[in-house]
Amino acid sequence: MIAKDLKRPAIPPQYIVVMGVSGTGKTTVAVALADLMGWPFQEGDDLHPPSNVEKMRNGHPLNDEDRAPWLELCHDWLAKQVKAGHGAVLTCSSLKRRYREILAKGLPVEFVYLYTTPEVVEQRIKARTGHYMPPTLLPSQFATLEEPATDEPVIVVSGDATPSEILEMLLCYLELHPEGTKCKVEAHMSKSDHGRTAQN
């Protein structure tokens, strides 16, 4: 279990999108953060229309036209959580800057970008079961990926760290750590006007 013993801090709601190519551990991190904070969680892949799922299942990469309605559904889910006035966590690959702009349009969204090498991600995808995206689509995801720039609302974290370490870093950088406790993970962080970068 991840940080099960931490008491949920009383903090203003935050709206987090955990992003990155398939296989970086987005769901594991996002679920842990949402559970700890008591916030709703949405798996972005579950919002894909059936046509997108079938296309990926058959080994064909999605294009911008395919992703457009899916991104709007993800944005709409985030907007409902903002309107409800509580925090929320969404997983979404968010591979292009334009996609991230669609997700964050008019909303106080912050992205958590999990990055790792294609070799590590390929091993993880081959080992997992029950997901419709085959390993053959991984190169297309890396080819599409536009890594977040420093002027975007982003926290960059190495996906090579353990889920517990990643969660610990996020609690520190998002200022969600329980009052009276200290961050256990030593890290370096640089800030721009909107972006934050963390490395284990």
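In terms of modelled atom types and a separation under 3.5 Å, the side chain of D35 and the main chain of A32 share no donor-acceptor contact. Judged by distance alone, with hydrogens and angles left aside, the side-chain atoms of N63 form a donor-acceptor pair with the main-chain N or O of E65 at under 3.5 Å. Side-chain N or O atoms of Q81 include none that pairs as donor or acceptor with a backbone N or O of P40 at under 3.5 Å. Between the side chain of D66 and the main chain of N52, no donor-acceptor pair closer than 3.5 Å is present. Remark: the backbone N or O of L114 is not paired with any side-chain donor or acceptor of K26 at under 3.5 angstrom.
K105 pairs by the side chain to side chain donor-acceptor pair (under 3.5 Å) definition with nothing, not counting sequence neighbours.
Residues A104 and F111 share a closest heavy-atom pair of CB-CE1, 4.2 Å. Of all heavy-atom pairs spanning V109 and L103, the tightest one is CG2-O, 4.2 Å. Closest approach of H75 to I102, counting heavy atoms only: CD2-O, 3.0 Å. What you find for K55 and P61 is that their closest heavy atoms are CE-O, 3.3 Å. Across all their heavy atoms, L62 and R67 have their closest contact at O-NH1, 3.2 Å. Nearest heavy atom pair, residue E152 against residue A149, reads OE2-N, 2.8 Å.
The line from CG of L95 to CE of M19 is 6.5 Å long, rounded to the nearest 0.5 Å. Separating the CG atom in L47 from the CD atom in E72 is a distance of 12.0 Å, to the nearest 0.5 Å. Within the model, atoms CZ of R98 and CD of E146 stand 8.5 Å from one another, a figure rounded to the nearest 0.5 Å. The distance from the CG atom of L137 to the CZ atom of F142 is 13.0 Å, given to the nearest 0.5 Å. Considering CG of D45 and CE of M56, their distance stands at 6.5 Å, rounded to 0.5 Å.
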Do T28 and I166 pass the side-chain contact (heavy atoms from CB on, under 4.5 Å) test, and can you show the C-alpha distance, the side-chain angles, and the key distance before you say yes or no?
CA-CA 10 Å; T28 300; I166 293 173; over 6 Å; no
With side-chain contact (heavy atoms from CB on, under 4.5 Å) as the test, would you mind laying out the steps for D64 and Y99 before giving the verdict?
CA-CA 9 Å; D64 287 357; Y99 301 167; 2.3 Å; yes
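Looking only at side-chain heavy atoms (C-beta outward), L78 and V17 come within less than 4.5 Å of each other. Side-chain contact between T27 and F41 is present, with heavy atoms from C-beta onward closer than 4.5 Å. For the pair L33/V18, no side-chain contact is recorded, criterion being any heavy-atom separation below 4.5 Å from C-beta on.
When only modelled atom types and interatomic distance are considered, Y113 and E147 share a side-chain donor-acceptor pair under 3.5 Å.
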Return a table of donor-acceptor pairs under 3.5 angstrom between the side chains of residues 82-94 and protein atoms on other chains or two or more places apart.
| from | atom 1 | to | atom 2 | distance (Å) |
| --- | --- | --- | --- | --- |
| T91 | OG1 | E43 | OE2 | 2.5 |
| T91 | OG1 | G44 | N | 3.0 |
| S94 | OG | C92 | O | 3.0 |

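Counting non-hydrogen atoms of neighbouring residues, nucleotides and ligands closer than 6.0 angstrom, the CZ atom of R97 exceeds 12 such neighbours.
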